[in-house]
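A quick write-up on the structure given underneath.
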Amino acid sequence: MNIQTVGVVGAGVMGIGIAQNLAQTGHQVILIDISENILDKAKHEIRNNIRFQSFFKKSDNTETTDSVLNRIELSTNYKILENTDFIIENVTEKWYLKKEVYPLLDSICPPGCVFAANTSAIPITRIASVTKRSDKVVGIHFMNPVPMKPMVEMIRGYHTSESTIETAKQMLAQMGKECIIVNDSPGFVSNRVLMLTINEAVFLLQEQVATAEDVDKIFKGCFGHKMGPLETADLIGLDTILFSIEVLYENFNDSKYRPSPLLQKMVDAGLYGRKSGKGFYVYQ
Ligand code: NAD
């Protein structure tokens, strides 16, 4: 089955990247969020990202920005998802929000439609439990920025069927991506390690062991990482980092996942990183 129409729910950092990637690989996209204002900003950002890509020749796509954008329909109305083949959900990393979205999708989308949860840490089996199609729910943990990252982590929930895994793999292949499949566990492989690393890096900053620049330099200069943990946190979004580490803390009941008070304070102050213009670093 060639997947044609894809619903992307949540038009934040990830939803924007996924919608762009899908449209650039020839898919019809329906991008849903809760307000027209957020959708306007999303469209503006996608336009800028495509221009940036073509300016710096980061994409082989020779299509015009408008023809790519014309494949993306933006709406606050979930009902227009009634003919979608595949859903990628990217709502804020809060269980109380995600658990309302899935029953709604379940009541609107065709019975064969696969739901892919792009969550940082929430178990896929729990997400599937609020639908009537737990065999058709799979985790696809996309990497940010989505159009530039060739690999994703795919998560098999307790009830996820093999045919759902195959459909999700096909969807990813159509988007030009490969996947590594893991079993379900809060945070999966990537974020169980990454969120702890970032949280610990924030503790180091809080304790004034080193500056943000020096924490990051150690990872880049000594370990050869492309980015340090605090730069990575700014790219992901400090709110998403905090919500993810809270999910790990609640799920494992283990104090090693307690969020750093400095991380909490920065989120309270609206310092979300790149998306708000300031986090550990300042952005124009
Ligand atoms: P974000 O805060 O940038 O965007 C979330 C969007 O969801 C917002 O635009 C919000 O308005 C929207 N939303 C909230 N409730 C909604 C609803 N009921 N219906 C439709 N939209 C709704 O967050 P993000 O960084 O894009 O993260 C989205 C998901 O992807 C989270 O689960 C996050 O953990 C996961 N994720 C994030 C990253 C990253 O690097 N930021 C990477 C992989 C996965």
Side-chain angles (χ1 to χ4, degrees), residues 7-21 30-46 49 74-81 87-109 115-124 126-127 130 138-149 151-155 177 179 186-195 198 227 229-248 250-251 267 270-277 279:
V8 177
V9 181
V13 172
M14 296 309 283
I16 286 172
I18 288 168
Q20 179 192 332
N21 193 146
I30 299 172
L31 181 57
I32 301 280
D33 208 301
I34 51 174
S35 83
E36 294 295 343
N37 189 23
I38 294 173
L39 291 171
D40 288 346
K41 276 210 255 171
K43 190 168 185 178
H44 180 74
E45 204 159 314
I46 295 171
N49 291 347
L74 299 100
S75 179
T76 55
N77 182 5
Y78 273 73
K79 289 218 174 81
I80 64 167
L81 296 170
I87 295 284
I88 304 175
E89 174 274 312
N90 313 275
V91 166
T92 314
E93 185 76 354
K94 285 283 189 188
W95 176 235
Y96 75 86
L97 291 173
K98 295 212 194 255
K99 83 175 168 40
E100 300 299 324
V101 165
Y102 280 88
L104 188 57
L105 291 171
D106 216 10
S107 68
I108 292 167
C109 299
F115 296 166
N118 179 25
T119 164
S120 294
I122 299 172
I124 303 309
R126 176 175 302 176
I127 290 176
V130 295
V138 63
I140 302 185
H141 180 214
F142 284 89
M143 304 297 142
N144 178 17
V146 177
M148 320 281 287
K149 299 285 182 170
M151 187 76 83
V152 307
E153 186 180 28
M154 188 186 294
I155 304 104
K177 302 202 189 302
C179 66
F188 330 118
V189 171
S190 56
N191 279 340
R192 194 146 146 205
V193 177
L194 180 65
M195 294 300 157
I198 290 174
M227 292 173 79
L230 299 174
E231 289 168 308
T232 306
D234 272 0
L235 177 69
I236 293 172
L238 268 57
D239 49 345
T240 301
I241 301 284
L242 177 66
F243 301 157
S244 305
I245 196 96
E246 284 173 345
V247 169
L248 289 166
E250 283 155 19
N251 275 272
V267 172
L271 307 180
Y272 298 157
R274 281 178 190 255
K275 67 179 164 187
S276 70

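Each ligand, and each atom within it, is numbered from 1 in the order the structure gives. If you're wondering where the values come from, they're calculated on a predicted model, not measured in any experiment.
In this structure, Lys275 does not pair ionically with Asp234, as no charged nitrogen and carboxylate oxygen lie closer than 4.0 Å. Looking at Glu246 and Lys94, a side-chain N of the basic residue comes within less than 4.0 Å of a carboxylate O on the acidic one, giving a salt bridge.
Protein residues with any heavy atom under 4.0 Å from ligand 1: Val9, Gly10, Ala11, Gly12, Val13, Met14, Asp33, Ile34, Ile38, Tyr78, Asn90, Val91, Thr92, Glu93, Lys98, Val101, Asn118, Thr119, Ser120, His141, Phe142, Asn144, Ile236, Thr240, Lys275.
Side-chain contact check for Ser190 and Glu153: at least one donor-acceptor pair (N or O, by modelled atom type) lies under 3.5 Å.
Qualifying side chain to side chain donor-acceptor pair (under 3.5 Å) partners for Lys43, counting only residues two or more places apart in sequence or in other chains: none.
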| task | Mind running side-chain contact (heavy atoms from CB on, under 4.5 Å) on Asn144 and Val13 for me, showing each step along the way? | result | CA-CA 8 Å; Asn144 178 17; Val13 172; 3.5 Å; yes

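Although no hydrogens or angles enter the test, the distance criterion places a donor-acceptor pair under 3.5 Å between the side chain of Asn191 and the main chain of Ser120.
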